[in-house]
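The structure appears below as structure tokens.
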There are 2 protein chains.
Amino acid sequence: MPSPATRADDRYHHGDLRKALLNAARTLLEERGPAALSLRELARRVGVSAPSVYHHFSSLDAIAVALAEQGFTELTEGLEAAPIHAEGQLAPTGHAYIAFARANPGLYRLMFGEGFRDASKGSQAVHALRERAYEKVVAGLRTRLPADELPVAALFLWSLAHGLALLMIDRQVDAGADAEAVIRSVLRLAGVGLPPSA
Amino acid sequence: MPSPATRADDRYHHGDLRKALLNAARTLLEERGPAALSLRELARRVGVSAPSVYHHFSSLDAIAVALAEQGFTELTEGLEAAPIHAEGQLAPTGHAYIAFARANPGLYRLMFGEGFRDASKGSQAVHALRERAYEKVVAGLRTRLPADELPVAALFLWSLAHGLALLMIDRQVDAGADAEAVIRSVLRLAGVGLPPSA
DNA sequence: CTATCATCCTAACGATGTAAAGATACGGAG
DNA sequence: CTCCGTATCTTTACATCGTTAGGATGATAG
């Protein structure tokens, strides 16, 4: 009944099971969050038996690490595409950072510690990825800040963007429709600082 | 051989199973992180059968919610104890916030979204707790900032403290021994702002 | 055409959260 | 002091999960 091997999806030897699994994981991640990442559910969605997954990933945590890897490359790409020379000093980088987190909430949460079974090992594998992404942020600021202020300023920006991104992802700040405006005003405050006294 | 009912721990009717479970959960949380919160492991540590837990909590997520509740009351207590009228405007609040997170890393992560089985329901129960804690932060700033700047300034401070706390908890910033100095300089930057240009 | 190999499958193990249903001890009413 | 109801804890059981072991299938090289 079925044509011999025209469609690549339902062949016995799957077209590219690894990629299919990652794609399914990506959508599952955004549908139900990192805690719902399930090896069996992934196999089910791809139409494959659960143990087959182990021919492409050594564990569920390995899938999570691969996803985080994807996420960090996409994040750094987004940061590099941000207009470095715009008028605001760190606003573009901050906007790009938060935009990525808001576009991929589940993935972003996974990238920062959530959803790993073996936290000590899984997170450790992601540790280096985070540091590399951080280097990109620092590099973006290097041309615009004196060298001695750079470390603290970079940590400051990272903390602010990370915190705001997480709060918005968790819907803790009800920015409603004008989320962009909220982000803008917070980032502006970062550039100017709070009024010196009340 | 055992004295009839002197010690409260090994009676048939447990002394206070609910509290014992929460205490065990607290230490398990800091030992192995929120992902390792296990109902059966808790029952094991308290010396009780697993289904007994259901006489005190309706689910594992309910335990997590109770823990988060503890955490938020302790956090707000810490924030209220912070010297509001010190010379720095928001530094004391920021320090108290980050100090709590660093003292209870597992609990803090649990309070902000990690470790819930049913993310949609568990996190929703914690949502109100987070907002109440946020009100405390806002209240602490109300006396020292003009009313129109207050919402943005509070969100700014919360984002910064939240982000820095998480980065330090995840050991992403290797502050080493002088963590306090790092926190101080970042918070100082929050009060002053970045230099207007490079 | 055959043999090798990557790929996938079924079967099974231990551990988890949770649901019944039964046993035990505590505490108040007679 | 006795009895009984109720809260508390237990054993048993089920579905699901991540993972392992061993067998079958399809593609591919000689």
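Atom set for the values below is all heavy atoms of this structure, side chains included, hydrogens, waters and symmetry mates excluded. Within every chain, numbering begins at 1; the chains are lettered A, B, ... in the order of the sequence lines, protein sequences first and strands thereafter. Remember, it's a predicted structure, so these values are computed and weren't measured experimentally.
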Just checking A:R44: base, sugar-phosphate only, or nothing, at a heavy-atom cut-off of under 4.0 Å? sugar-phosphate
Separation of atom CG in A:D16 from atom P in D:dA27, rounded to whole Å: 16 Å
Can you check the A:F57 CZ to D:dT20 P distance for me, whole Å? 16 Å
Around atom CZ of B:R44, are there more than 12 heavy atoms from other residues, nucleotides or ligands closer than 6.0 Å? yes
Salt bridge or not between B:E77 and B:K136? Use side-chain N to carboxylate O under 4.0 Å. no
Assess whether a salt bridge exists between B:E114 and A:R109, defined as any Lys/Arg side-chain N lying under 4.0 Å from an Asp/Glu carboxylate O. no
Could you list all N or O pairs between the protein and nucleotides 17-20 of chain C that sit under 3.5 Å apart?
{"unit_1": "C:dG17", "atom_1": "OP1", "unit_2": "B:L39", "atom_2": "N", "d": "2.8"}
{"unit_1": "C:dG17", "atom_1": "OP2", "unit_2": "B:L39", "atom_2": "N", "d": "3.3"}
{"unit_1": "C:dG17", "atom_1": "OP2", "unit_2": "B:R40", "atom_2": "N", "d": "2.9"}
{"unit_1": "C:dG17", "atom_1": "N7", "unit_2": "B:R40", "atom_2": "NH1", "d": "2.4"}
{"unit_1": "C:dG17", "atom_1": "O6", "unit_2": "B:R40", "atom_2": "NH1", "d": "2.9"}
{"unit_1": "C:dT18", "atom_1": "OP2", "unit_2": "B:Y54", "atom_2": "OH", "d": "2.7"}
{"unit_1": "C:dT18", "atom_1": "OP2", "unit_2": "B:L60", "atom_2": "N", "d": "2.9"}
{"unit_1": "C:dT18", "atom_1": "O5'", "unit_2": "B:Y54", "atom_2": "OH", "d": "2.7"}

Counting just side-chain N and O atoms, does B:S52 come under 4.0 Å of either OP1 or OP2 of D:dT10? yes
Does the ring center of B:H162 lie less than 6.0 Å from the ring center of B:Y108? yes
Starting at CZ of B:R32 and ending at P of C:dA15, how long is that distance when rounded to a whole Å? 13 Å
Output yes when a side-chain donor or acceptor of B:T76 lies under 3.5 Å from a complementary backbone atom of B:F72, and no otherwise. yes
B:R26 with B:E74: basic N within carboxylate O range, under 4.0 Å: yes
Spacing of A:H55 atom NE2 relative to D:dG23 atom P, expressed in whole Å: 14 Å
Roughly how many Å is it from CG in B:L42 to C1' in C:dT16, rounded to a whole number? 13 Å
